[in-house]
Structures are given as C-alpha cells and as structure tokens.
Amino acid sequence: MQALIEARHIVKSFPGVQALKGVSFDLYPGEIHGLVGENGAGKSTFIKILSGFLRPDGGEILVHDQKFHYLTPHLAQSLGIQTIYQENILVPQISVAENIFVGREITSSFGIVNHREMLSRARQIIESLGVNLPVGERVENLSVAEQQLVKIARAIAFEPKVLILDEPTAMFNVNETRMVLDLVKNLAQRGIGIIYISHRLEEVLEVASRITVLRDGYRVTCHNHKEEKVDLAALTREMAGRSVNLFQRERGFSSKEVVLEVKNLRYSPSSPPVSFMLRRGEILGIAGLVGSGRTEIFKALFGFTRSHGGEIWIRGQKVVIHSPQDAIRYGIGYITEDRQRTGLALGLSVTKNATIPSLDDHFRGLLIPLRDERKRVEEYVKNLDIKTPSLEQEVRFLSGGNQQKVILARWLLKNAEIIVFDEPTIGIDVNAKSEIHRLIADLAQRGKSIILISSENPELLALCDRILVVRHGTIVRELTGEAMNEENIISSAFGVTAGERVRQSS
Ligand SMILES: Nc1ncnc2c1ncn2[C@@H]1O[C@H](COP(=O)(O)OP(=O)(O)OP(=O)(O)O)[C@@H](O)[C@H]1O
Ligand SMILES: [Mg+2]
C-alpha cells in the first residue's frame with residue numbers, strides 16, 4: 001500500500017530551541033498512528049509542518065509520491081490534510097453550521113449565503129459522525145466537548161484523506177472521550193489516515209495501530225503496536241529516557257481546623273445551594289462530569305462570576321467576594337482549566353506570567369529585589385521542568401503543556417492559603433504529572449488547603465482526603481475512606497447506582 005504521507009528527516013529550529021532534529025514518519029490509509037512524547041518534545045511543531053503552518057529548515061515531505069520541501073496551509077488542505085489543533089479556532093459568536101463552513105460559505109448563484117442549505121449540509125455531516133449537536137446553536141453556548149466535535153465536523157466537511165488530531169480529548173470526561181475514540185476508529189475504517197496526539201496514553205494504546213515516540217525533537221522509535229503490543233511502562237520510559245514512578249501520597253495529615261466554609265452558595269439564581277467545608281492541610285477532591293457545574297461553583301466562589309446568595313466563611317470570618325481580587329486578598333488562589341482564555345498573558349514572558357497575580361506581593365514587590373523573584377521563578381521552572389530557552393521567552397512560544405506549568409508556577413509563587421486547582425494536569429505529560437502531584441501533596445503537607453477539581457478519577461484517588469461529587473450544579477455525595485473508589489465516583493456522577501449501571505449497559 002502507498003503511504004498517504006511520508007516525512008523524511010524533518011528539521012526545525014526556533015530561536016534558542018531545536019524543536020525537531022531529523023524526524024521521519026509515515027502514515028497509511030485507514031491507519032491510526034499515535035504520536036506521543038513529553039511536553040515540548042516537538043509533537044505540535046511536527047504536525048504544524050505537515051499542515052503547512054510551519055516551514056521546516058530541512059527534510060522533505062512526500063504526499064502521494066509528490067515531493068515537497070514545505071507545504072502551505074492552502075496546499076496541505078488541497079492535498080487532503082486536515083488538522084485539529086490544541087488551540088481553539090472556532091468563532092464563538094456564530095452558529096455550529098456557520099463554523100463548519102466558515103471561509104467557504106455555501107452561496108446561491110448570486111453570492112448570497114444560503115443558510116438553509118448550510119444547515120442541512122451541516123446536519124448531514126454531524127449525523128454521519130454519529131454524534132448529536134445543535135447545528136443552529138451559537139458555538140459559545142456549547143460545552144468544550146461539543147466544541148471539539150464541531151472542530152472535527154468542520155475538518156470532515158473537507159473530506160480529508162489525512163486527519164491530524166492534537167490532543168482531542170484533553171478536556172473530556174469518560175463518556176465524551178468514548179465518543180471521540182469511537183468516532184476516530186470509525187473514520188479510520190472509512191480509509192482516512194489519522195495522526196493521534198495525546199498525553200492520555202491509554203487512549204493511544206487503545207486506538208493506534210502504530211505509535212511513534214518523540215523525545216527532545218528526536219524520533220525515539222516507532223512501534224508496530226498492532227503486531228507487537230507495547231505497554232504503558234515502555235512508552236513512558238521511552239518518552240522520558242528513564243523509568244518513571246507514579247506518585248502516591250501518604251495521607252492522614254490534615255488538621256481539624258476549618259479554613260473555608262461555604263453555606264448555600266448559588267452560582268445562578270436557579271442553581272441549587274452548595275455547602276461544604278475545607279480543613280487546613282486537606283486535599284478536597286471535586287469529581288463530576290464536565291458540565292456538571294463544578295467549574296461554575298468555584299468561579300462563583302472566586303469572584304469570577306456573581307454568586308446568588310449564600311455565605312462564605314474564611315478562618316471563622318464571614319467574607320464577601322465580589323471579584324478575583326477579593327478572593328486573592330483572602331488568600332484564595334484559583335488555577336483555571338482554560339489556560340488560553342483566562343490563564344495566561346500570551347505576549348508576556350515566562351517570568352511576568354509567573355508573577356502577574358501576585359498583586360499584593362507586587363506592592364511589597366517594590367521592596368523585594370527583582371532578582372529574588374527571578375530566582376524563585378527559576379526554581380519552579382526547574383522543579384516543574386518547564387521547557388523554555390529562557391525566563392524572558394514569551395509564553396505563546398511555549399508548548400501547550402509548558403504553558404499550563406507556567407500557570408501552576410504562578411500560584412505556587414503566590415503562596416495562597418487555599419488553592420483551587422481546576423484540571424491541573426490536562427495536557428501534561430505523565431512524568432510532569434507525577435511531579436505536579438508531588439507538589440500539590442507538598443503544599444498540603446505544608447498546611448495549605450487544596451481543592452482539586454479533576455475529571456481523572458485516578459488523580460483524585462491518588463491525592464485526596466475526601467471527594468465531593470457534583471451533579472446538576474450541587475454536591476450529591478461525599479466520599480471518604482473505603483468509599484473513595486472509582487465505582488462510587490462514577491455512579492454518583494452519573495446519578496445511578498452500580499446495579500442500574502450494569503442493567504443499562506447490558
Ligand atoms: N513559535 C515558536 N517559537 C519558539 N519556540 C517554539 C515555537 N513553537 C514551539 N516552540 C518550542 O519548540 C519545542 C517543541 O514544542 P511543541 O509545541 O512542538 O511541543 P509538544 O510536543 O507539542 O508539547 P505539548 O505536549 O506540551 O503540547 C518547545 O521547546 C517549544 O517551546
Ligand atoms: Mg503540543
């Protein structure tokens with residue numbers, strides 16, 4: 001069989017970094033080819049070259065036996081290559097259908113956009129994907145997972161031969177992930193060649209027939225996973241260049257002292273009241289499906305959005321939080337799940353981004369020599385293994401996972417007493433992930449109180465003292481001790497008992 005794409009010895013440098021050091025790769029029709037590697041290994045750079053967004057410094061790309069030194073976005077598209085990037089490219093204010101056809105609107109012979117035709121074509125594409133999406137709805141009203149499906153539908157509308165997905169399930173819960181994995185398998189069966197990038201290695205191991213491992217811009221190996229099964233331990237070892245131990249926390253430290261108590265908080269006029277408390281040195285897990293209201297509850301608590309009634313008590317004092325500044329003043333730090341929209345100032349340096357919200361620290365900062373601040377940033381850059389050529393690098397040039405680590409560094413520097421982590425390890429490679437777990441556990445050990453919102457149940461189970469499960473905007477269950485297990489989290493999150501679940505799935 002002829003390869004759809006063959007890349008030979010691709011080389012690419014950025015100022016201060018050699019991102020790709022001679023990477024070869026090929027892709028066949030109907031194949032799912034996994035591409036894995038640590039944060040900053042060069043995965044996104046490589047696929048941006050295949051889709052014509054970056055020009056390589058060396059090497060060649062063969063597409064249907066035609067040889068190219070580089071592609072342009074237009075050329076890649078006309079050769080049937082479609083890419084779904086880590087970054088969001090949708091236009092929030094227009095509908096699903098309009099997003100699918102943006103830039104090539106269906107028009108009548110007079111050049112007038114034919115909305116009805118567009119809606120029906122969009123509906124067809126979405127149906128053919130076997131998913132459910134409201135085509136007329138504005139994209140900003142969709143969940144993150146639904147937006148991802150729109151991106152896929154948009155790519156499929158081009159009838160591609162090659163589909164490249166850069167971390168398509170990073171924000172998804174179990175069900176949504178299942179949907180995307182099945183969709184990807186289905187597309188491969190139609191003969192589309194798929195390049196699948198993910199830090200969720202279990203997913204890659206499930207769907208991929210071959211798996212290429214990148215490390216520091218080199219191709220370490222390409223496994224023929226279909227024929228010789230490769231396992232998780234081997235993959236992580238190849239990614240890191242050493243063996244890796246997953247972090248396991250020792251528990252039983254948290255004190256009796258209550259640092260935060262939330263009573264009957266509502267994040268919208270119609271949402272149910274939420275009450276819970278948090279102790280000093282405790283890691284409190286928040287489980288629940290994406291869209292269950294977890295994030296909304298904590299956005300209201302942090303003053304990002306207005307709360308509608310309820311009380312917040314911090315260390316025994318009733319407080320009013322109207323804005324993130326208020327929350328910061330009361331010692332609450334919030335690490336958002338949406339790093340691109342609310343987390344980072346993309347045009348500023350690593351140091352600036354790491355130190356931005358240290359608002360009050362900053363006033364004192366007039367006294368703290370800048371050198372000290374830099375030193376602390378440097379320390380976290382090292383501890384978190386943030387790959388950047390310098391502390392002055394603009395964060396938009398960092399890889400996705402490394403941007404996430406900069407946000408973490410910020411709050412670690414900030415020294416908040418109560419820290420809310422919303423999906424802290426999304427898009428973070430396995431090794432850095434256990435490093436982050438260790439840091440979170442350390443914070444608790446040092447007497448900080450942690451709220452950990454996560455869709456990854458193993459992450460919650462490895463770290464938390466208690467787990468609250470959120471469903472339909474409120475806490476439906478508290479799990480402690482023996483009851484903290486995956487089965488209980490899932491059944492409460494879905495609102496069914498274990499027995500019912502078995503009946504439903506059989
Ligand atoms: N436009 C750019 N300018 C400067 N450096 C860049 C640019 N794009 C990427 N880099 C650097 O190239 C290296 C590879 O980045 P890349 O985004 O390809 O990593 P990745 O494997 O996709 O990582 P992640 O898993 O975190 O998404 C990193 O060191 C990154 O900082
Ligand atoms: Mg990337």
Side-chain angles (χ1 to χ4, degrees), residues 7 10-23 25 33-57 59 70 73 83-89 148 151 164-171 195-201 203-204 211-220 235-236 238-241 339-340 343-344 346-351 353-354 381-382 384-409 423-436:
I10 301 293
V11 178
K12 176 72 187 175
S13 289
F14 297 109
V17 209
Q18 194 174 358
L20 298 171
K21 301 168 180 163
V23 172
F25 179 94
H33 194 148
L35 186 59
V36 301
E38 293 192 329
N39 296 129
K43 303 175 299 292
S44 297
T45 303
F46 181 70
I47 56 124
K48 280 177 188 163
I49 285 173
L50 293 187
S51 43
F53 274 92
L54 286 173
R55 217 179 254 217
D57 305 330
Y70 64 89
T83 307
I84 293 161
Y85 294 99
Q86 263 171 313
E87 296 85 12
N88 205 347
I89 44 114
Q148 185 69 302
K151 289 202 245 171
I164 305 174
L165 298 141
D166 197 350
E167 295 199 51
T169 59
M171 304 288 285
I195 304 177
Y196 193 89
I197 299 180
S198 181
H199 288 295
R200 295 186 172 178
L201 300 177
E203 290 174 12
V204 178
I211 302 174
T212 289
V213 182
L214 295 186
R215 184 171 78 231
D216 282 339
Y218 288 105
R219 189 192 79 162
V220 178
L235 273 190
T236 51
E238 287 163 356
M239 283 166 57
R339 56 180 173 249
Q340 294 209 340
L344 288 168
L346 292 171
L348 295 182
S349 71
V350 171
T351 308
N353 267 284
V381 165
K382 191 160 154 275
L384 293 171
D385 194 18
I386 300 178
K387 291 212 174 68
T388 175
S390 84
L391 297 185
E392 302 323 314
Q393 180 75 317
E394 291 178 27
V395 292
R396 74 177 128 134
F397 296 133
L398 264 48
S399 77
N402 284 301
Q403 292 182 354
Q404 180 78 343
K405 292 187 201 171
V406 172
I407 300 192
L408 283 176
E423 305 280 10
T425 59
I426 275 185
I428 300 258
D429 69 59
V430 270
N431 304 319
K433 195 184 233 173
S434 44
E435 190 56 30
I436 287 169

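Both ligands and their constituent atoms are indexed starting at 1 by order of listing. Values below: every heavy atom of this structure, side chains too, minus hydrogens, waters and symmetry copies. Keep in mind that what you see is a predicted model, and the values were worked out from it rather than measured. In this chain, numbering begins with 1 at the start of the sequence shown.
- In this structure, CD1 in Ile211 is found 5.0 Å from CG in Leu235, a value given to the nearest 0.5 Å.
- Atom numbering of ligand 1 starts at 1 in the shown order; those under 4.0 Å from a heavy atom of Gly42 are 14 (C), 18 (O), 19 (O), 20 (P), 21 (O).
- Between Phe46 and ligand 1, a contact under 3.5 Å exists for no N or O pair.
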Please report, to 0.1 Å, the donor-acceptor pairs under 3.5 Å made by any side chain of residues 390-398, with sequence neighbours excluded.
unit_1: Ser390; atom_1: OG; unit_2: Glu392; atom_2: N; d: 3.0
unit_1: Ser390; atom_1: OG; unit_2: Gln393; atom_2: N; d: 3.3
unit_1: Glu392; atom_1: OE2; unit_2: Arg374; atom_2: NH1; d: 2.3
unit_1: Glu394; atom_1: OE1; unit_2: Arg396; atom_2: NE; d: 2.9
unit_1: Glu394; atom_1: OE1; unit_2: Arg396; atom_2: NH2; d: 2.5

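- Here atom 20 (P) of ligand 1 lies nearest to Lys43 when heavy atoms of Arg396, Lys43, Gln403 are compared.
- Take Ala41 and apply the side chain to side chain contact (heavy atoms under 4.5 Å, CB included) test, not counting sequence neighbours, and it matches Leu214.
- Ile428 and Gly401 get closest at one heavy-atom pair: CD1-O, 3.8 Å.
- Any N or O atom pair closer than 3.5 Å counts here, and Leu398 shares no such pair with ligand 1.
- Checking only distances, Gly37 never comes within under 3.5 Å of ligand 1, N or O to N or O.
- The closest protein non-hydrogen atom to atom 27 (O) of ligand 1 is Gln86 NE2, 3.1 Å.
- The backbone N or O of Glu38 lies less than 3.5 Å from a partner atom in the side chain of Lys43, making a donor-acceptor pair.
- Interatomic distance, Ile386 CD1 to Gln403 CD, rounded to the nearest 0.5 Å: 11.0 Å.
- Remark: minimum distance from atom 17 (O) of ligand 1 to any protein heavy atom is reached at Ser399 CB, 3.3 Å.
- Among all protein heavy atoms, the one lying closest to atom 9 (C) of ligand 1 is Phe14 CE1, 3.4 Å.
- Here the straight-line distance linking atom CG of Leu20 with atom CZ of Arg219 works out to 13.0 Å at 0.5 Å rounding.
- Each of the following atoms of ligand 1 lies closer than 4.0 Å to a heavy atom of Gly401: 24 (P), 26 (O), 27 (O).
- Distance alone, capped at 3.5 Å, places no donor-acceptor pair between the Asn39 side chain and the Ser399 backbone.
- Closest approach of Gln148 to Ile84, counting heavy atoms only: OE1-CG2, 3.8 Å.
- The shortest N or O to N or O distance between Ala19 and ligand 1 is not under 3.5 Å.
- Contact record, Asp429 with Gly37: CB-O, 4.4 Å, taken as the closest heavy-atom pair.
- For Val17, no nitrogen or oxygen atom sits less than 3.5 Å from a nitrogen or oxygen atom of ligand 1, counting backbone and side chain alike.
- In terms of protein heavy-atom proximity, atom 16 (P) of ligand 1 is nearest to Thr45 OG1, 3.5 Å.
- Atom 23 (O) of ligand 1 has its closest protein heavy atom at Gly40 N, 2.8 Å.
- In terms of protein heavy-atom proximity, atom 1 (N) of ligand 1 is closest to Phe397 CD2, 3.3 Å.
- Those atoms of ligand 1 that come under 4.0 Å of a heavy atom in Glu38, given as number and element, are 21 (O).
- Inside a sphere of radius 2.8 Å centred on the Mg ion (ligand 2), the protein N/O/S atoms present are Ser44 OG, Gln86 OE1.
- For the pair Lys387 (side chain) and Gly40 (backbone), a donor-acceptor distance under 3.5 Å is absent.
- Between the side chain of Asp57 and the backbone N or O of Ser13, at least one donor-acceptor pair lies under 3.5 Å.
- Qualifying side chain to side chain contact (heavy atoms under 4.5 Å, CB included) partners for Phe53, counting only residues two or more places apart in sequence or in other chains: Lys48, Ser51, Pro73, Tyr85.
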